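Remarks on the structure that follows.
Just so it is clear, the structure is predicted and the values come from calculations on it, not from any experiment. First the proteins, then the strands, lettered A, B, ... as listed; each starts at 1.
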Amino acid sequence: MSQISLTFPDGNARDYDKGITPAEVAESISKSLSKKAISATVNGAHWDLQWPIEDDATVAIHTMQDDEQALELIRHDLAHVMARAVQEIWPDVKVTIGPVRDNGWFYDFDRAEPFTPEDLGAIEAKMKDIINARDAVKTEVWGRDEAIEYYESRGESFKVELVNRIPEGENIRMYWHGDWQDLCRGPHLQHTGQLPADAFKLTHVAGAYWLGDSDRPMLQRIYGVAFKNRKDLKAWETMMEEAAKRDHRKLGREMDLFHMQEEAPGQIFWHPNGWKIYTTLQDYMRRQQERDGYVEVNTPQVVNRKLWEASGHWDNYQENMFIVEVDEDHAREKTVNALKPMNCPCHVQVFNQGLKSYRDLPLRMAEFGSCNRYEPSGALHGIMRVRGFTQDDAHIFCEESHIESETKKFIEFLAAIYADLGFHDWSIKLSTRPEKRIGTEESWDHAEESLGNACKAAGYDYEIQEGEGAFYGPKLEFVLTDAIGREWQCGTLQVDPNLPERLDANFVGQDGAKHRPVMLHRAVLGSFERFIGILIESHAGKLPFWLAPRQVVVTTIISEADGYADEVVAALKAAGVRAEADTRNEKINYKVREHSLAKVPVILAVGAREVEEKTVSVRRLGEKQTAVMSLDDIVAELKDAALAPDLK
RNA sequence: GCUGCUGUAGCUCAGAGGUAGAGCACUCCCUUGGUAAGGGAGAGGUCGAGAGUUCAAUUCUCUCCAGCAGCACCA
């Protein structure tokens with residue numbers, strides 16, 4: 001038998017028989033390692049302990065100390081254990097796929113009856129039995145026909161399809177957890193006893209399409225989460241509770257920001273408090289855009305379908321547009337309009353008025369564009385995904401040669417705004433040409449290169465999303481991370497040579513001939529509605545002072561201080577601070593509690609002493625201590641704090 | 001749109017085949033109290049909408065609407 005040389009992480013190499021498995025390697029090193037081993041990394045690939053090694057390789061044996069591999073295996077093996085538990089309880093259920101995802105896994109099942117929350121408990125209990133049984137995991141490579149015959153004989157039609165989808169030349173790997181069998185890529189643990197019986201939880205059931213295709217049958221997906229130990233599971237539960245506390249729908253009600261109701265699904269009734277956030281943010285954005293060389297326009301809401309046909313939206317998005325039919329007197333046919341789902345075609349109309357010269361480019365045309373899209377009912381989510389929204393939209397009409405410099409300028413613009421808004425952790429994704437596309441390879445090369453170069457020139461790295469671009473051009477997506485680590489795609493920049501072509505936009509070049517401009521669609525916040533939702537959740541409602549809708553409440557301790565409270569409020573208002581007095585006949589405890597819950601950043605209390613000394617007792621949100629300050633000092637401080645970051 | 005679940009007072013929720021209840025919020029009264037709920041009284045509901053079963057429906061059935069969790073979608 002021929003020998004192979006295995007190199008270990010410490011640099012030492014040893015010769016072994018060809019075809020040796022990591023399990024045997026571990027055994028050769030030490031008894032305890034062989035017991036603790038969970039998997040290996042062989043030449044960079046995550047490797048099952050049972051898979052043979054055929055050539056010289058670098059080998060690292062993993063134990064539960066290696067978080068990345070341990071979690072991957074725990075979650076993956078639990079997916080199998082759950083599927084086994086389900087089939088042991090309900091033998092007629094068909095199994096499909098069960099990958100690792102986020103903090104756990106899911107597994108999709110085909111079963112006529114829906115799973116109930118009580119079922120989840122029963123499955124969990126059965127899973128614990130399987131873990132306690134410490135059943136060995138075994139694996140074999142099978143031939144395609146053999147595997148298909150096996151699954152057909154068991155009526156596992158979804159597995160048959162999966163086997164058929166495995167590309168030629170790839171191993172068809174069969175796994176057993178005890179007697180229970182599944183088709184699986186692996187790797188897996190040595191035995192189910194290596195799983196933590198107290199660190200997983202089945203979270204919920206939901207429908208999911210087979211292979212993610214809405215034309216295919218809907219299966220039942222059971223989600224689970226799993227960690228290395230109970231402590232980590234608890235931490236996850238705490239984190240989920242924290243996220244629930246931050247839910248913008250809950251905070252929106254508690255802070256009296258907005259409401260939504262049945263008669264206008266997917267649309268927002270902004271209350272005075274919420275609208276204050278909105279307008280403050282919009283005023284800020286308007287100042288930024290003016291400073292950065294944009295011109296602001298405003299365009300119609302209801303536009304004849306002819307324009308949408310010309311732009312191509314009618315063909316692609318008719319289903320998602322609000323159609324408005326107008327039956328004009330004496331008209332043979334109704335006029336068909338659509339509420340605008342986006343602003344770009346209208347912006348091209350503005351561009352097309354009058355002759356444009358190359359000297360006019362780049363032309364940066366901005367609009368706080370109110371759009372309406374008939375989003376599928378299941379997509380709606382609070383103010384984050386709505387049917388009526390306003391984008392901080394702009395289109396930069398430019399020449400191809402401007403793409404790079406305009407993109408760099410935009411990235412710097414966006415970076416400054418995110419920083420002002422308190423988001424310092426964000427990243428860029430570059431989506432490149434998809435399979436179905438229009439335009440020449442040269443123009444794609446140029447556009448993709450321009451976007452990449454612009455990122456580098458602005459000093460940012462980017463991640464490439466192969467084939468994720470729009471059919472007409474590549475795009476950048478800007479993803480920010482919020483205070484509890486969740487990611488939100490907000491900003492975007494898309495290169496579009498198509499729409500100017502379709503809507504016949506042109507400019508007179510230096511050569512006196514007509515040329516086609518390129519459009520860059522771009523947004524920083526995305527939509528105000530969604531962005532405000534993100535702000536609320538990221539700050540848990542405790543917005544930065546300048547954005548807080550109610551900045552100061554002056555509470556009285558005794559009614560004799562009412563007049564002074566009004567004086568304090570007047571002084572704050574004169575300084576541009578949003579202040580109100582609370583002179584209700586309630587105790588200070590009561591008032592402090594109420595305004596704290598409403599997330600008012602500063603509570604000023606005034607009683608006999610304050611009236612006497614012309615001071616206020618200052619209590620800041622989130623702090624227990626209070627401090628006495630002179631009226632002049634607090635007004636000066638809050639006057640500054642109330643200014644938007646760009647006005648300081 | 002699809003699967004499952006939910007819809008009772010402003011909010012959070014309980015309830016039962018015989019037309020409803022709690023806490024908080026609200027109004028009034030007492031209380032002037034020093035930093036996260038002082039006390040008392042009162043008012044408040046076509047039980048999401050429509051149809052069906054029934055002597056009787058808010059409760060059971062069906063349809064619709066909306067919401068929630070996923071999936072699909074997101075120009």
Side-chain angles (χ1 to χ4, degrees), chain A residues 101 106 108 111 113-117 119 203-223 244 247 249-250 253-254 256 259-266 308 311-321 340-345 371 373-382 384-387 389 391 393 470-472 475 489 492 494 496 498-499 521 526-527 530 555-562 583-598 603-610 617-628:
Chain A
R101 200 201 72 146
F106 62 77
D108 289 348
R111 177 183 182 223
E113 290 279 296
F115 291 109
T116 66
D119 290 342
T203 54
H204 59 282
V205 192
Y209 297 109
W210 169 232
L211 301 175
D213 183 344
S214 56
D215 293 329
R216 299 291 216 115
M218 181 157 275
L219 307 168
Q220 295 190 61
R221 173 172 297 179
I222 302 180
Y223 288 88
D247 192 309
R249 293 164 298 190
K250 180 175 178 288
R253 197 166 41 239
E254 289 172 0
D256 195 16
H259 85 272
M260 304 178 86
Q261 65 187 50
E262 249 183 70
E263 289 81 358
W308 307 115
S311 70
H313 292 103
W314 190 263
D315 274 351
N316 289 317
Y317 295 107
Q318 201 187 134
E319 294 298 303
N320 296 305
M321 287 160 78
K340 73 173 169 187
M342 55 186 337
N343 309 297
C344 25
C371 297
R373 296 179 185 174
Y374 189 77
E375 299 286 4
S377 57
L380 303 177
H381 179 84
M384 301 275 210
R385 185 84 184 270
V386 286
R387 288 184 176 153
F389 56 93
Q391 297 172 311
D393 199 11
F471 71 91
Y472 48 75
K475 66 177 170 187
Q489 193 240 303
T492 180
Q494 292 195 27
D496 183 4
N498 179 51
L499 200 62
H521 306 255
S527 87
R530 181 162 173 273
T555 59
T556 49
I557 294 166
I558 49 166
S559 54
E560 279 75 30
D562 289 2
T583 57
R584 289 175 305 169
N585 176 15
E586 295 291 351
K587 291 199 171 178
I588 188 68
N589 288 313
Y590 183 92
K591 295 182 185 180
V592 164
R593 175 181 152 82
E594 186 174 289
H595 301 307
S596 298
L597 288 174
I603 297 171
L604 302 181
V606 292
R609 281 205 299 277
E610 287 76 11
S617 167
V618 184
R619 183 186 169 113
R620 294 166 207 275
L621 187 57
E623 292 177 15
K624 284 240 167 12
Q625 280 101 326
T626 60
V628 175

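Rounded to the nearest Å, the gap between the C1' atom of B:U3 and that of B:A72 is 11 Å. Taking atom P on both B:G42 and B:G18, the two are 28 Å apart, rounded to the nearest angstrom. For B:C47 and B:A14, the C1' atoms lie 13 Å apart once the distance is rounded to whole Å. The C1' atoms of B:C11 and B:G67 are separated by 16 Å, rounded to the nearest whole Å. For the P atoms, the distance from B:A49 to B:C65 is 15 Å, rounded to whole Å. When the P atom is compared between B:A66 and B:U53, the two are found 27 Å apart, to the nearest whole Å. Comparing B:C5 with B:A37, their C1' atoms sit 35 Å apart, to the nearest whole Å. With C1' as the reference atom, B:U32 and B:A20 are 40 Å apart, rounded to whole Å.
For A:E375 against B:G1, a side-chain-to-base donor-acceptor contact under 3.5 Å is absent. Judged by atom type and distance alone, A:R385 reaches the base of B:C74 through a side-chain donor-acceptor pair under 3.5 Å. Taking 3.5 Å as the limit, the base of B:A36 and the side chain of A:R619 contain a donor-acceptor pair of atoms between them. Contact annotation: side chain of A:Y209 to base of B:G70, donor-acceptor pair absent below 3.5 Å.
Nucleotide B:C28 has B:G40 as its partner under the Watson-Crick or G-U criteria, with both atom distances under 3.5 Å. Nucleotide B:A9 is matched to nothing when pairs are restricted to Watson-Crick or G-U wobble geometry with both distances under 3.5 angstrom. Using N1 to N3 plus N6-O4 or O6-N4 for Watson-Crick, or N1-O2 and O6-N3 for G-U wobble, each under 3.5 Å, B:A20 pairs with nothing. Across the strands present, B:A51 finds its partner in B:U61; the criterion is a Watson-Crick or G-U wobble pair with both atom distances under 3.5 angstrom. With a cut-off of 3.5 Å on both pairing distances, the Watson-Crick or G-U wobble partner of B:C71 is B:G1.
Using a 4.0 Å cut-off, some side-chain N or O of A:N589 falls inside it from OP1 or OP2 of B:A36. For A:R111, no side-chain nitrogen or oxygen approaches OP1 or OP2 of B:U3 to under 4.0 Å. Side-chain N/O atoms of A:R387 include none lying less than 4.0 angstrom from OP1 or OP2 on B:C74. Between A:Y590 and B:A25, a side-chain N or O to OP1/OP2 separation shorter than 4.0 Å is present. Of the side-chain N and O atoms in A:R253, one or more sit less than 4.0 angstrom from OP1 or OP2 of B:U12. Checking the phosphate oxygens (OP1, OP2) of B:C2, no side-chain nitrogen or oxygen of A:S214 falls inside 4.0 Å.
Within 6.0 Å of CD on A:E263 lie more than 12 heavy atoms contributed by other residues, nucleotides or ligands. Surrounding CD of A:Q625 are at most 12 heavy atoms belonging to other residues, nucleotides or ligands under 6.0 Å away.
A distance of 11.0 Å separates NZ in A:K475 from NE2 in A:H521, rounded to the nearest 0.5 Å. To the nearest 0.5 angstrom, A:L219 atom CG is 11.0 Å from A:Y209 atom OH.
Using a 4.5 Å heavy-atom threshold, the side chains of A:Q318 and A:W308 count as separate. Taking the side chain as every heavy atom from C-beta outward, A:H595 and A:L621 never approach each other to under 4.5 Å. A:R111 places a side-chain heavy atom less than 4.5 Å from the side chain of A:D119. Counting heavy atoms from C-beta on, the side chains of A:Y223 and A:R101 come closer than 4.5 Å. Side-chain contact between A:R387 and A:S377 is present, with heavy atoms from C-beta onward closer than 4.5 Å.
Closest to the side chain of A:Y472, from the set B:U12, B:A75, B:C73, is B:A75. Of the candidates B:A37, B:G48, B:C71, B:C71 carries the atom nearest the A:Y223 side chain, counting heavy atoms from C-beta on. In the set B:G70, B:G34, B:G1, the nucleotide with an atom closest to the side chain of A:R609 is B:G34. Nearest to the side chain of A:P376, among B:C74, B:C71, B:G1, sits B:G1. When distances are taken from the side chain of A:S377 to each of B:G1, B:A75, B:A36, the shortest belongs to B:G1. Minimum atom distance to the side chain of A:P114 is reached by B:G4, of the listed B:G4, B:A75, B:C2. Nearest nucleotide to the side chain of A:I588, out of B:G38, B:G70, B:G34: B:G34. When distances run from any side-chain atom of A:M342 to the nucleotides B:A75, B:A69, B:C2, the shortest one goes to B:A75. Of the candidate nucleotides B:G34, B:C73, B:C71, B:C71 has the atom nearest to the side chain of A:R101. Comparing B:A72, B:A75, B:G38 against the side chain of A:A379 picks out B:A72 as the nearest.
Nucleic acid contact for A:E113: none, since no nucleic acid atom lies under 4.0 Å from a heavy atom of the residue. Here A:A608 lies in heavy-atom contact (under 4.0 Å) with a base. Heavy atoms of A:G382 sit under 4.0 angstrom from primed sugar atoms or phosphate atoms, though from no base atom. Counting non-hydrogen atoms under 4.0 angstrom, A:I603 reaches nothing in the nucleic acid. Among the atoms of the strands shown, only primed sugar atoms or phosphate atoms (P, OP1, OP2) are found under 4.0 Å from some heavy atom of A:H204. As judged by a 4.0 angstrom heavy-atom cut-off over every strand, A:D213 is placed among residues making no nucleic acid contact. No contact: A:H595 has no heavy atom under 4.0 Å from any strand.
Taking atom CD of A:E586 as the reference point, atom P of B:U32 lies 13 Å away to the nearest angstrom. Distance, A:W210 CH2 to B:A72 P: 14 Å, rounded to whole Å. If you take CD of A:Q220 and P of B:G70, they are 17 Å apart, rounded to a whole angstrom. In this structure, A:R584 atom CZ and B:U27 atom C1' are separated by 13 Å, rounded to whole Å. Atom CG of A:D247 is separated from atom C1' of B:G67 by 12 Å (rounded to the nearest Å). Here the C1' atom of nucleotide B:G67 and the CD atom of A:E263 are 13 Å apart, to the nearest Å. Between the P atom of B:U3 and the CD1 atom of A:I222 lies a distance of 18 Å, rounded to the nearest Å. Computed from coordinates, the A:M218 CE to B:C71 C1' distance equals 5 Å when rounded to whole Å.
Between A:G212 and A:R249, the one whose closest nucleotide on RNA chain B sits nearer the 5' end is A:R249. Taking for each of A:G607 and A:Y374 the nucleotide of RNA chain B with the nearest heavy atom, the 5'-most of the two is the partner of A:Y374.
Heavy atoms only, all atoms of each residue included: A:M321 and A:H313 are closest at SD-O, 4.1 Å.
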